[in-house]
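All chains are named by letter (A, B, ...) in the order of the sequence lines, taking the proteins before the strands, and each is independently numbered beginning at 1.
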Amino acid sequence: MPCRRSSRSEEVLDGIIFVVSDYRPQELDKKWQHKWAASRAFEVSVDPSRPKYYCLEMFAYPSGHAHVGHVRNYIIGDVMARTKRMRGFNVLHPFGWDAFGLPAENAAIKNGIHPEVSTRSNIAHMKGQLQRLGISYAWEREFATCDPEYYKWNQWLFIRMVEKGLAYRRKSSVNWCPVDNTVLANEQVVDGGCWRCGTPVEMRDLEQWCFRITAYADELLDATAALQGWPEKVLTMQKNWIGRSEGARVKFPVEHFPLGTDIEVFTTRIDTIFGATFVLLGPEHPLVATFAEKSPDPAGFRKKAQDFRLQDKAARLSGEIEKQGFNTGQWATNPFTNEPVPVWVANFVLGDYGTGAVMAVPAHDQRDFEFARKFSLPIRVVITPDGTPQSSDAMTEAAEAYGTLVDSGRYSGLPSADAQKQMIDVAKKHGIGEGTVQYRLKDWGISRQRYWGTPIPMIYCEKDGIVPVPDDQLPVELPTITQFTGRGDSPLAQVPEFVNVKCPKCGGPARRETDTMDTFVDSSWYFYRFADPRNNKMPFDPEAVKYWLPVDFYSGGVEHAILHLIYSRFFARVFRDIGLVDHSEPFTQLLTQGMVLKDGAVMSKSKGNVVDPDSMLQKYGADALRLYVMFVAPPEKEVEWSDSGLEGSFRFLARVWRLVDHWNETVAGEGIDSPDGCETLNPAERAMRRKTHDTIRRVTVDIEQRQQLNTAVSAMMELVNDLYAFSEQTLTGAPGRHAEEDVEHAGDVERRETICVVREALEALVRLLAPFVPHTAEEMWEMLGHAQPLAAATWPEFSADVARADEIVVPVQVNGKVRARLTVAAETSESDLERLALADPGVAAHTAGKTVKKVVVAKGRLVSIVVQ
RNA sequence: GCGAAAGUGGCGGAACUGGCAGACGCGCCAGACUUAGGAUCUGGUGGCCGUGAGGUCAUGCGAGUUCGAGUCUCGCCUUUCGCACCA
């Protein structure tokens with residue numbers, strides 16, 4: 001039964017006395033949340049007879065408390081999910097927890113609480129928060145990545161990747177965060193610092209496991225063209241991250257060294273090679289050590305190179321580094337000019353890009369130019385706009401543009417592009433180089449020297465080498481550790497019963513891998529698991545994934561534009577290539593929601609500016625919060641939190657409530673049906689109906705096509721305003737003014753047509769509101785006499801016929817200024833409009849005594865008259 | 001430095017394909033109802049001139065295209081974001 005009361009009451013909330021009519025959202029929240037749970041309203045199963053819709057918000061790291069910034073994303077997703085459900089789709093809307101990670105482990109080091117314990121309790125609390133917001137999740141599919149039933153499949157997949165050569169072990173120079181005591185992937189280094197704590201990263205040489213994401217570099221890049229549902233901004237970031245560049249590798253032989261001692265360089269501008277007057281090595285280049293030995297002061301040489309290495313990433317935090325370098329004393333031969341060129345070591349040459357060495361063309365590369373001027377190295381112009389040779393003396397900066405070659409032997413006179421092709425051919429023919437493609441993207445190092453993650457399922461045997469854990473022994477479970485020391489080595493290495501194991505091949509003594517996986521592995525495929533979360537034979541049933549995937553609507557923060565989203569696209573391809581899925585792109589549409597600011601800053605615990613959703617819920621109920629967050633701005637935009645805005649949303653809901661309360665008994669009466677059955681409607685009734693249908697159209701388009709949820713809300717507000725005005729015109733007076741009498745008088749409305757029109761409007765309104773304010777809408781739906789819950793109702797039908805206006809107002813401009821407004825039949829022809837406009841007295845006043853030069857008529861919109 | 005996006009009332013924002021700028025909300029002002037109003041309902045609310053009808057200016061600044069520009073083009077300013085020695 002509806003919890004409806006007819007009298008007002010006073011109540012004290014937060015020390016303030018409110019007089020409320022009837023709207024008690026806190027009661028409604030509980031009532032409907034229980035009903036939805038009891039009826040399993042949002043649980044779904046595969047049903048090929050219905051179109052599916054997979055609506056997903058990025059799952060959460062269980063930090064303990066969700067603030068309104070987090071919650072905004074879940075509400076956006078919920079509006080989409082609830083709308084699509086009412087539109088007839090079989091909607092999968094799951095949620096889970098990205099539960100492994102450093103914060104829990106760091107907390108354990110600090111306060112001794114085991115990560116498992118704190119994580120589980122954080123999850124419980126945050127789940128409660130989301131449930132109190134009424135987000136329509138299929139909770140039965142929930143899982144956490146720290147469940148062995150989940151991470152088992154990380155391990156299973158890892159072994160498949162080892163088998164396919166997509167996971168491999170290598171010693172390499174890695175980014176090391178001295179505070180978090182672990183390795184970071186390149187994607188996790190932001191401005192030279194750790195993405196989590198900002199500490200400048202150090203370089204260390206470590207053995208670690210890598211995923212061969214570069215095998216998919218071209219595909220990941222090319223496929224961005226097909227991702228039409230993604231924001232351009234995110235695609236651009238991914239393209240830049242992959243950083244494909246076409247060029248050539250060319251060998252510069254080192255003089256006075258054995259044949260085959262070459263410095264190989266990568267260049268995108270082989271056309272400038274005749275201007276290559278020196279060669280630069282990065283400090284990490286292998287020949288640096290060799291050259292040091294040949295130098296008069298090997299120790300000093302090595303120290304200078306080492307200094308360059310150390311300064312590298314950290315120094316970038318504080319702006320640009322000055323270009324430094326020193327001469328190795330060695331010479332190499334430019335293979336095109338056959339001239340000797342000096343070899344230098346430079347701090348700005350990256351060791352891990354290309355070949356770690358470059359040919360320097362100071363006339364045509366700004367960095368080389370600055371370097372050459374600083375160290376008085378020769379500058380030779382080999383490209384000019386018109387092919388006329390030039391001196392470098394007057395140059396103040398490098399000329400990087402393409403042009404025509406000069407002073408380049410037999411290539412002189414060729415345009416850059418042609419020269420590049422010919423030079424690459426010649427280089428290849430002589431075995432001194434070849435055309436290649438270089439990427440900025442590097443393989444993804446996933447080993448982490450931490451506890452709270454997925455154990456890497458590998459065993460090291462002296463006899464058999466590196467052996468994967470057999471599938472039937474998965475999962476390799478995390479041992480329970482009681483002491484968290486924070487020492488710099490892998491915590492798992494300190495657990496002998498974990499480390500010591502028999503080799504699966506020979507049965508002899510062996511050691512387990514003690515590193516765990518980067519938690520981005522967990523989040524790279526969780527959306528597949530949701531399709532079949534309890535499968536204990538496979539990561540998921542391919543048939544279930546075939547039905548539900550790809551994700552139709554995915555929303556989350558832009559901060560994942562590269563990391564999570566590129567890894568997920570990579571994993572989709574890995575699953576594809578091991579035959580488990582038949583698509584390549586996991587997310588059809590991506591929405592990057594804007595953050596919620598408080599006092600101009602991103603909410604964070606440390607800044608102390610978090611707005612806690614629970615206190616808002618207590619005061620205004622879930623729906624007011626939901627509505628406010630959707631109304632305040634379009635989803636992508638950053639917004640500033642406003643308490644008074646939230647209060648406005650609460651007032652709106654109370655206003656709708658009073659409206660329904662005012663009319664419900666009348667419209668639920670006998671013989672009240674669709675106005676389609678009514679003989680004739682008077683003009684006011686017709687206008688009211690038109691508004692109803694126009695609102696249906698606007699809200700539907702705003703949600704489904706434009707995803708502009710704020711204007712959908714304002715359209716509904718307009719409808720409510722019109723319904724108030726319409727109620728005023730009926731005999732009853734406005735709702736809310738004399739609540740008692742109005743209810744009595746509502747039955748006095750004489751025209752059955754009026755009641756039919758109101759009924760149609762209210763039923764449409766309540767259903768349009770449902771995705772935004774589901775609890776309030778459910779209750780009002782019940783008040784309107786419906787036994788079936790709104791969660792199972794269908795979306796209101798839009799009728800173009802009803803929405804069509806029969807009369808329109810057409811403004812008339814004279815020399816660009818509006819001078820009159822014509823009220824005419826909607827289908828008035830252009831010639832009639834012109835005639836009516838010229839005849840209008842307001843227009844005539846401005847055309848009198850002048851010549852009409854031109855009349856432009858935009859049918860149904862405007863008439864523009866030019867006079868002189 | 002390079003690249004992208006955005007600049008609209010006191011505030012958040014709207015304006016869909018170039019066609020009445022400021023929808024909707026917040027705030028503010030007034031009226032009604034009231035012992036009371038911080039509830040509710042109604043009306044008003046960009047600037048300037050005018051008692052008024054009305055006029056006039058106005059979408060960061062400056063030009064341009066057009067009958068008509070917040071919207072398109074060019075230049076500049078500001079802000080935000082991304083990339084930043086990637087050869």
Side-chain angles (χ1 to χ4, degrees), chain A residues 8 10 16-21 191 231-234 236-237 240-241 243-245 247 265-269 272 280 282 312 316 319-321 323 346-350 352-355 357-361 364-368 370-371 438-441 558 561-562 627-628 631-634 636-649 651-652 654-655 658 698 701-702 705-706 708 710-718 720-721 724-725 728 733-739 809-818 821 853-858 860-867:
Chain A
R8 302 180 188 190
E10 282 192 357
I16 300 166
I17 299 169
F18 285 93
V19 180
V20 292
S21 56
D191 291 335
E232 202 48 50
K233 179 191 161 95
V234 173
T236 307
M237 284 166 72
N240 291 340
W241 188 260
R244 181 182 203 272
S245 55
V265 301
F266 173 72
T267 178
T268 55
R269 291 299 301 275
T272 64
L280 295 174
D312 193 36
R316 270 182 227 164
E320 216 165 289
I321 312 169
K323 289 185 175 45
N347 64 340
F348 64 90
V349 176
L350 303 174
D352 57 357
Y353 181 78
T355 59
V358 298
M359 65 177 203
V361 185
H364 304 293
D365 181 284
Q366 186 58 25
R367 294 157 300 184
D368 300 344
E370 288 167 24
F371 196 85
Q438 192 64 44
Y439 300 94
R440 211 181 84 118
L441 180 74
V558 234
I562 299 176
L627 187 73
Y628 166 66
F631 176 58
V632 66
E636 300 84 358
K637 247 199 95 136
E638 219 167 58
V639 295
E640 173 70 29
W641 176 261
S642 143
D643 285 331
S644 53
L646 173 59
E647 213 165 303
S649 294
R651 278 207 295 267
F652 170 71
R655 187 168 151 87
R658 284 190 298 273
R698 281 170 65 188
V701 169
D702 282 352
Q705 287 165 42
R706 303 208 303 157
Q708 187 137 311
N710 55 328
T711 49
V713 175
S714 61
M716 293 186 280
M717 288 174 166
E718 283 185 42
V720 170
N721 290 344
Y724 266 72
E728 179 91 337
R737 184 151 19 162
H738 316 281
V809 175
V810 178
V812 183
Q813 294 181 343
V814 180
N815 286 354
K817 294 207 164 62
V818 178
R821 291 185 173 82
K853 299 265 292 183
K854 191 172 181 181
V855 180
V856 181
V857 182
R861 305 170 93 159
L862 164 137
V863 180
S864 180
I865 300 166
V866 189
V867 297

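- Residue-level contact check: A/Val713 touches neither bases nor backbone, having no heavy atom under 4.0 Å from any strand.
- Taking the side chain of A/Lys817 as heavy atoms from C-beta on, and the options B/rC57, B/rG19, B/rC83, the nearest nucleotide is B/rC57.
- Phosphate contact (OP1/OP2 of B/rA87, side-chain N/O of A/Tyr353, threshold under 4.0 Å): present.
- In this structure, B/rG82 forms a base pair with B/rC2, meeting either the Watson-Crick or the G-U wobble geometry with both donor-acceptor distances under 3.5 Å.
- We find the CD-NZ distance between A/Gln708 and A/Lys637 to be 11.0 Å, quoted to the nearest 0.5 Å.
- Atom pair A/Glu638:CD and B/rG82:P shows a separation of 10 Å (rounding to whole Å applied).
- Side-chain proximity of A/Glu718 to B/rC41, B/rC83, B/rA23: nearest is B/rA23.
- Taking only side-chain nitrogens and oxygens, A/Arg658 comes nearer than 4.0 Å to OP1 or OP2 of B/rC41.
- Regarding A/Leu862, its CG atom lies at a distance of 12 Å from the P atom of B/rA69, rounded to whole Å.
- Checking B/rG25, B/rC20, B/rG19 against the side-chain heavy atoms of A/Val856 singles out B/rG19 as nearest.
- Between A/Arg367 and the phosphate of B/rG1, there is no side-chain N or O to OP1/OP2 separation shorter than 4.0 Å.
- Counting any heavy atom pair closer than 4.0 Å across all strands shown, A/Asn240 reaches no nucleic acid atom.
- If you measure from atom CG of A/Asp352 to atom P of B/rC85, you get 11 Å, rounded to the nearest angstrom.
- As judged by a 4.0 angstrom heavy-atom cut-off over every strand, A/Lys637 is placed among residues touching the sugar-phosphate backbone only.
- If you check every strand for non-hydrogen atoms under 4.0 Å, A/Arg821 touches a base.
- Rounded to whole Å, atom P of B/rC86 lies 15 Å from atom CH2 of A/Trp241.
- If you check every strand for non-hydrogen atoms under 4.0 Å, A/Asn815 touches nothing.
- Between B/rC24, B/rC67, B/rG27, one nucleotide has an atom nearer to the side chain of A/Ser644 than all others, and that is B/rG27.
- Heavy atoms of A/Ser245 sit under 4.0 angstrom from primed sugar atoms or phosphate atoms, though from no base atom.
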Trace of the side chain to side chain contact (heavy atoms under 4.5 Å, CB included) decision for A/Val720 with A/Arg655: CA-CA 8 Å; A/Val720 170; A/Arg655 187 168 151 87; 4.1 Å; yes

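- If you take atom C1' in B/rA58 and the same atom in B/rG47, they sit 8 Å apart, rounded to whole Å.
- Look at A/Arg440 and you won't find any side-chain N or O under 4.0 angstrom from OP1 or OP2 of B/rC83.
- B/rG44 adopts an anti glycosidic conformation, its chi angle falling more than 90° from 0.
- The C1' atoms of B/rC61 and B/rG54 are separated by 31 Å, rounded to the nearest whole Å.
- At whole-Å resolution of the value, CD in A/Gln705 and P in B/rU17 are 12 Å apart.
- Rounded to whole Å, the C1' atom of B/rG10 lies 31 Å from the corresponding atom of B/rG68.
- In this structure, B/rC74 forms a base pair with B/rG62, meeting either the Watson-Crick or the G-U wobble geometry with both donor-acceptor distances under 3.5 Å.
- In this structure B/rG22 sits in no base pair that meets the Watson-Crick or G-U test at under 3.5 Å.
- If you take atom C1' in B/rG22 and the same atom in B/rG7, they sit 16 Å apart, rounded to whole Å.
- Using atom C1' as the reference point in both B/rC20 and B/rG75, the two lie 31 Å apart (nearest Å).
- Judged by Watson-Crick or G-U wobble contacts below 3.5 Å, the nucleotide B/rC16 has no partner.
- A donor-acceptor contact under 3.5 Å is formed by the side chain of A/Lys323 with the base of B/rC85.
- Under the Watson-Crick or G-U wobble criterion, with both distances below 3.5 Å, B/rU42 is paired with B/rA30.
- Each of B/rG13, B/rA87, B/rG25 was ranked by its minimum atom distance to the side chain of A/Thr268; first place goes to B/rA87.
- The side chain of A/Pro634 sits closest to B/rA14 out of B/rC26, B/rC20, B/rA14.
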Test log, rule side chain to side chain contact (heavy atoms under 4.5 Å, CB included), inputs A/Thr711 and A/Arg706: CA-CA 10 Å; A/Thr711 49; A/Arg706 303 208 303 157; 3.6 Å; yes

Step-by-step side chain to side chain contact (heavy atoms under 4.5 Å, CB included) determination, A/Tyr628 to A/Trp641: CA-CA 10 Å; A/Tyr628 166 66; A/Trp641 176 261; 3.5 Å; yes

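- No contact: A/Glu640 has no heavy atom under 4.0 Å from any strand.
- In this entry the distance linking CE of A/Met237 with P of B/rC81 reads 12 Å, nearest Å.
- Partner assigned to B/rU35 is none, using Watson-Crick or G-U wobble distances below 3.5 angstrom.
- Among the protein residues, A/Thr267 comes within range of the sugar-phosphate backbone only, with heavy atoms under 4.0 Å from sugar or phosphate atoms but none that close to a base.
- One can find a donor-acceptor pair under 3.5 Å joining the base of B/rC67 and the side-chain atoms of A/Ser864.
- Here B/rA15 is the nucleotide among B/rG12, B/rA15, B/rC41 with the atom lying nearest to any side-chain atom of A/Arg706.
- Applying the 4.0 Å criterion to OP1 and OP2 of B/rC67, one finds that A/Lys854 has a side-chain N or O inside that range.
- The phosphate of B/rC85 has neither OP1 nor OP2 within less than 4.0 Å of any side-chain N or O from A/Asn347.
- Cation-pi contact between A/Lys323 and A/Phe348: present, with separation from the ring centre below 6.0 Å and deviation from the ring axis of at most 45°.
- The CD atom of A/Gln438 lies 10.5 Å from the OG1 atom of A/Thr268; values are rounded to the nearest 0.5 Å.
- Between A/Met717 atom CE and B/rA14 atom P there is a gap of 14 Å when expressed in whole angstrom units.
- Figure legend. B/rG50 is base-paired to no nucleotide; pairs are counted as Watson-Crick or G-U wobble with both atom distances under 3.5 Å.
- Summarising the base pairing, B/rA69 is matched to no nucleotide, lacking a Watson-Crick or G-U wobble pair whose two defining distances lie under 3.5 Å.
- Distances shown here put a side-chain N or O of A/Tyr724 below 4.0 Å from the OP1 or OP2 atom of B/rC41.
- Look at the C1' atom in both B/rA30 and B/rA23: the space between them is 23 Å, to the nearest Å.
- Counting heavy atoms from C-beta on, the side chains of A/Asp368 and A/Leu280 come closer than 4.5 Å.
- Here the side chain of A/Leu350 is nearest to one of B/rC24, B/rA39, B/rA87, namely B/rA87.
- Following rounding to the nearest Å, A/Asp365 (CG) and B/rC86 (C1') show an atom-to-atom distance of 11 Å.
- OP1 or OP2 of B/rA15 lies within a sub-4.0 Å distance of a side-chain N or O belonging to A/Gln708.
- Taking the side chain of A/Thr711 as heavy atoms from C-beta on, and the options B/rA14, B/rC24, B/rG19, the nearest nucleotide is B/rA14.
- Here the nucleotide nearest the side chain of A/Val632, chosen from B/rC24, B/rC20, B/rG12, is B/rG12.
- OP1 or OP2 of B/rC41 sits under 4.0 Å from a side-chain N or O of A/Arg655.
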